[in-house]
Amino acid sequence: MDRRFPDGFLWGTSSAAHQVEGDNRNCEWWEFEQQPGRIENGDTSEIACDHYHQYGEDFTLLRELSQNAHRLSIEWSRIEPSEGEFDSRQIRHYRDVLGELREQGIEPMVTLHHFTNPLWFIRKGGWGASGSARAFLPYVHRVVDELGDLVSLWCTINEPNIYAANGWITGEFPPGRRGDLAAFYRVLANMRRAHELAYLAIKRRWPDSPVGLSHHKFLFLPASTRRGDRLAARTAQMAVDRWPVAPGRLGKVVEATSDFIGIAHYHGQCCAFDPGRPREQFIRRSNVPGAFVTDMGWSADPTWMRAILNELKGLGKPVYITENGLATTDDSRRERYLTDLLANVRLAIQDGVDVRGYFHWTNMDNFEWARGYQVQFGLIAVDRRTLERTIKPSGRLYSRIARANGLLKSLDSGA
Ligand code: NOJ
């Protein structure tokens, strides 16, 4: 089998401002973290990885890992700390950050919104409020104007379905609401609109820059061949996948206003019909029997990625895997997963899917939202006392794959 990836394939890692920068106080996550019981172990993002100051060294490590791309987010609450007021010092900071990446030969994919919001926006009702998409726009314009020359690829919004589900269905994210399906769909509709407006704003200024968003792709499998279970899996899948389609507009709106499809995939679940669960759409979810269960409690299997990518073939757009990774302290498990996962990406490319890049979540262990520092996704370990970075064997492996632009012979995968 040809183990090489297409020329120009992007090998990167993915991160988010609030999870790595530290001292990001002007957003709702900071407030949320101060409430007892919200974050495992009482962890907070206080110092996180101090990436705000150590970005230069961190990007040197990425170069050491032979990376040619990196996905990172710009923190809205730093750029626009009060409504309509922009902080030129912070804009300069991000110019330095992006400039440094470029200097190291690493292409930036920039996410405009990755879960966090300025407090003034939250006080106005956040993403549940009707004017939210418009309120997001001045920040977008500012970033597009002042940083756009340094950006290779744009990702407007990170995982709207996870943001809405965790904030309004499971309550794991701020505002910590549970079971509010109406708000879930309202938030998704507003984020969809915000994506469309941001897409247009970017394209007007930088027509040649590819723009997309990162869609979190679960895989839902029926628990049995029974009709009810098959229907349960389809319903669960639609709830998280079909939000891009506006009611009455059968064209796929987000796909129409996207130059590429960004896919974040981590896990799969089994779905069974359960009449006793009206608040959960009559669906009982469980991990997939036989699959590895990560430290997040998610079942994961590297072969699922091929099926997911093949589903996108019909859309006829380039695909970037904007996130994928494994929460585990067993780094050899991460090495195996990474190798098998990439073998499946390779197979999907052979199947005809136009995959252009892979961004592993994540470069360094960081603040994993409600799980704090208790789970580790990184290719680089961060000592929580000294913040010293140490490349893990999985990081070295990823580096060899990136340098070879393909899977190595010595890494025969089971795929
Ligand atoms: C997706 C999110 O974008 C990211 O912020 C998170 O840390 C990873 N998944 C792992 O849960």
Side-chain angles (χ1 to χ4, degrees), residues 1-14 61-71 104-107 109 152-153 210 214 217 219 260-268 291-292 294 300-328 330-363 377-380 391-415:
M1 170 181 135
D2 180 5
R3 289 154 198 270
R4 280 184 57 79
F5 278 65
D7 287 345
F9 194 81
L10 294 186
W11 296 102
T13 55
S14 197
L61 282 177
L62 293 184
R63 203 185 46 192
E64 216 178 303
L65 294 187
S66 318
Q67 306 287 285
N68 59 10
H70 181 56
R71 174 171 171 244
Q104 304 253 16
I106 299 169
E107 305 243 7
M109 176 188 275
S152 302
L153 293 145
S214 183
K217 184 72 181 170
L219 189 76
F260 64 84
I261 308 295
I263 286 293
H265 166 70
Y266 291 88
H267 56 136
F292 173 67
T294 75
D301 183 319
T303 62
W304 295 338
M305 183 61 97
R306 182 181 183 182
I308 283 169
L309 292 172
N310 265 287
E311 244 187 70
L312 306 171
K313 209 157 57 176
L315 298 173
K317 302 223 175 181
V319 176
Y320 289 93
I321 297 162
T322 41
E323 282 185 37
N324 161 258
L326 203 68
T328 180
D330 176 356
D331 196 54
S332 59
R333 168 72 73 168
R334 188 180 344 273
E335 289 186 87
R336 283 203 300 283
Y337 177 79
L338 181 60
T339 307
D340 292 347
L341 189 290
L342 289 171
N344 278 280
V345 174
R346 185 73 195 76
L347 290 172
I349 293 173
Q350 285 177 336
D351 296 337
V353 189
D354 183 9
V355 187
R356 303 267 177 102
Y358 172 79
F359 293 81
H360 188 79
W361 186 272
T362 179
N363 47 323
F377 280 92
L379 299 170
I380 299 170
I391 298 177
K392 300 179 190 177
S394 56
R396 301 264 173 227
L397 167 70
Y398 189 42
S399 173
R400 291 198 297 279
I401 294 171
R403 204 167 340 122
N405 192 36
L407 290 163
L408 315 163
K409 274 227 156 53
S410 57
L411 298 173
D412 245 323
S413 78

So which atom in [X] and which in [Y] form the shortest heavy-atom distance, rounded to 0.1 Å?
X    : Y    : result
G325 : H360 : CA-CE1, 3.7 Å
L315 : I261 : CD1-CD1, 3.9 Å
T322 : A264 : OG1-N, 3.7 Å
F359 : A69  : CE2-CB, 3.7 Å
S152 : P210 : O-CD, 3.5 Å
I349 : P6   : CD1-CD, 3.9 Å

Checking [X] side chain against [Y] main chain: does a donor-acceptor pair fall under 3.5 Å?
X    : Y    : result
H265 : M305 : no
R400 : L408 : no
N68  : F9   : yes
Q67  : L65  : yes
D301 : A291 : no
Y398 : G12  : yes
R346 : R4   : yes
R334 : T328 : yes
N344 : D340 : yes

[X] versus [Y]: any side-chain heavy-atom pair under 4.5 Å?
X    : Y    : answer
I391 : L379 : no
Y337 : T339 : no
F5   : V355 : no
V345 : I321 : yes

K392 bridged to E335 by N-O distance under 4.0 Å
no
Looking at D351 and R306, does any basic side-chain N land under 4.0 Å from a carboxylate oxygen?
yes
Test log, rule side-chain contact (heavy atoms from CB on, under 4.5 Å), inputs T362 and T13:
CA-CA 5 Å; T362 179; T13 55; 5.6 Å; no
Atom pair CD1 (I308) and CG (L219), whose distance is rounded to the nearest 0.5 Å:
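Between atom CD1 of I308 and atom CG of L219 there are 5.0 Å.
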Specify whether F377 and Y266 have parallel, tilted or perpendicular ring planes, treating 30° as the upper limit for parallel and 60° as the lower limit for perpendicular.
perpendicular
Applying side-chain hydrogen bond (donor to acceptor under 3.5 Å, both in side chains), can you list everything that pairs with R333, at least two apart in sequence or on another chain?
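Result, side-chain hydrogen bond (donor to acceptor under 3.5 Å, both in side chains) vs R333: none returned.
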Could you go step by step and tell me if H70 and S14 meet the side-chain contact (heavy atoms from CB on, under 4.5 Å) rule?
CA-CA 6 Å; H70 181 56; S14 197; over 6 Å; no
Check the pair W361, N324 against side-chain contact (heavy atoms from CB on, under 4.5 Å), reporting the backbone distance first and the verdict last.
CA-CA 5 Å; W361 186 272; N324 161 258; over 6 Å; no
Can you pull out every ring-ring contact (aromatic ring centres under 6.0 Å, His included) where at least one residue sits in residues 300-324? Sequence neighbours excluded, please.
F260-Y320
Going through the distances and angles, do E64 and Q104 end up as a side-chain contact (heavy atoms from CB on, under 4.5 Å)?
CA-CA 10 Å; E64 216 178 303; Q104 304 253 16; over 6 Å; no
